[in-house]
Q: 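Right, I'll just put the structure down here and ask away after.
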Amino acid sequence: MEYQAVLDATDLLCPEPVMMLHVEMRKMAAKDILKVIATDPSTTRDIPKFCQFLGHTLVKQEQEGSVYYYWIEKSRVEKE
């Protein structure tokens with residue numbers, strides 16, 4: 001899947017991956033895709049909730065062993 005930026009949140013624990021995700025999404029243009037790489041299992045709960053709350057689209061979510069991958073499309077207008 002094509003993406004415009006990558007956030008490597010491996011070895012970070014809650015709440016750091018979501019805090020970093022919030023910062024990265026603010027840097028991106030609407031409709032851009034951010035690929036997130038994480039190892040904290042709580043991201044399987046936190047990242048979908050983050051997307052739902054702020055209106056971003058979780059395009060794809062995968063797991064390979066203990067590594068989690070997310071592709072998130074930034075919404076046109078980010079809710080504060």
Side-chain angles (χ1 to χ4, degrees):
M1 174 174 290
E2 190 175 320
Y3 50 89
Q4 286 68 47
V6 176
L7 171 60
D8 184 353
T10 56
D11 299 324
L12 299 178
L13 299 175
C14 183
E16 289 177 297
V18 172
M19 291 170 57
M20 291 177 65
L21 173 57
H22 193 69
V23 170
E24 288 302 310
M25 291 304 280
R26 287 184 167 205
K27 296 177 188 175
M28 300 179 68
K31 298 295 188 180
D32 280 355
I33 304 283
L34 175 67
K35 179 181 179 180
V36 180
I37 306 166
T39 50
D40 183 356
S42 70
T43 59
T44 61
R45 174 196 66 229
D46 296 342
I47 289 180
K49 285 185 178 184
F50 168 89
C51 292
Q52 182 180 18
F53 184 74
L54 292 176
H56 303 304
T57 302
L58 181 56
V59 178
K60 188 175 180 181
Q61 180 176 345
E62 288 183 356
Q63 180 179 354
E64 290 181 15
S66 61
V67 181
Y68 305 92
Y69 299 94
Y70 306 90
W71 288 264
I72 302 166
E73 180 181 297
K74 182 171 179 170
S75 65
R76 291 176 189 236
V77 178
E78 185 171 338
K79 300 175 187 175
E80 290 296 325

Q: Mind jotting down which residue pairs meet the salt bridge (charged side-chain N to carboxylate O under 4.0 Å, His left out) criterion with at least one end in residues 13-24? Sequence neighbours excluded, please.
A: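 Pairs touching residues 13-24 that pass the test: Glu24-Lys27.
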Q: Tell me whether Val23 is reachable from Leu54 by hopping between hydrophobic residues (I, L, V, M, F, W, Y) whose side-chain heavy atoms are closer than 4.5 Å.
A: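 Hydrophobic grouping puts Leu54 apart from Val23.
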Q: Taking only residues two or more places apart in sequence, or in another chain, which ones meet Met19 in a side chain to side chain contact (heavy atoms under 4.5 Å, CB included)?
A: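 By the side chain to side chain contact (heavy atoms under 4.5 Å, CB included) rule, Met19 matches Pro15.
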Q: Do any N or O atoms from the side chain of Tyr70 and from the backbone of Leu34 form a donor-acceptor pair under 3.5 angstrom?
A: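 It does not hold such a pair.
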Q: Of all heavy-atom pairs between Thr39 and Tyr68, which one has the smallest distance, and what is that distance?
A: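 Looking at all heavy atoms of both residues, the shortest contact is O-CE1, 3.8 Å.
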Q: Looking at Ala29, is its backbone amide N or carbonyl O close enough to the side chain of Lys74 to form a donor-acceptor pair, meaning the two atoms are under 3.5 Å apart?
A: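 Pair absent, no side-chain N/O of Lys74 close to backbone of Ala29.
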Q: Kindly work out whether a path of hydrophobic side-chain contacts (I/L/V/M/F/W/Y, heavy atoms less than 4.5 Å apart) joins Leu21 to Leu12.
A: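 Looking at the clustering, Leu12 is in the same group as Leu21.
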Q: Quick one: CD1 on Ile37 to OG1 on Thr43, what's the gap to the nearest 0.5 Å?
A: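 One finds 11.5 Å between CD1 of Ile37 and OG1 of Thr43.
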Q: Tell me whether Ile72 shares a hydrophobic cluster with Leu7, the cluster being built from Ile, Leu, Val, Met, Phe, Trp, Tyr side chains joined at under 4.5 Å.
A: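 Result: yes, single cluster for both.
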Q: Mind jotting down which residue pairs meet the salt bridge (charged side-chain N to carboxylate O under 4.0 Å, His left out) criterion with at least one end in residues 28-54? Sequence neighbours excluded, please.
A: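 Qualifying pairs: Lys31-Glu73.
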Q: If you look at every heavy atom in Phe50 and Val18, which pair is closest and at what distance?
A: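 Scanning both residues completely, I find the closest heavy atoms to be CD1-CG1, 3.8 Å.
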Q: Looking at Ser75 and Gly55, what are the two nearest heavy atoms and their distance?
A: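 Looking at all heavy atoms of both residues, the closest pair is CB-O, 3.1 Å.
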Q: Residues in side-chain hydrogen bond (donor to acceptor under 3.5 Å, both in side chains) with Thr10, at least two apart?
A: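 If we apply the side-chain hydrogen bond (donor to acceptor under 3.5 Å, both in side chains) test to Thr10, skipping adjacent residues, the hits are Asp8.
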Q: Determine the sole option in Arg26, Met25, Met20 for which the side chain to side chain contact (heavy atoms under 4.5 Å, CB included) test with His22 is passed.
A: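 Of all the options given, the one that passes is Arg26.
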Q: Going only through I, L, V, M, F, W and Y residues with side-chain contacts under 4.5 Å, is there a path from Ile47 to Met28?
A: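 Linked, Ile47 and Met28 end up in one cluster.
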Q: Just distance, no hydrogens or angles: give the donor-acceptor pairs under 3.5 Å from side chains in residues 58-66, sequence neighbours left out.
A:
{"unit_1": "Lys60", "atom_1": "NZ", "unit_2": "Glu62", "atom_2": "OE2", "d": "2.9"}
{"unit_1": "Gln63", "atom_1": "NE2", "unit_2": "Gly65", "atom_2": "O", "d": "2.8"}

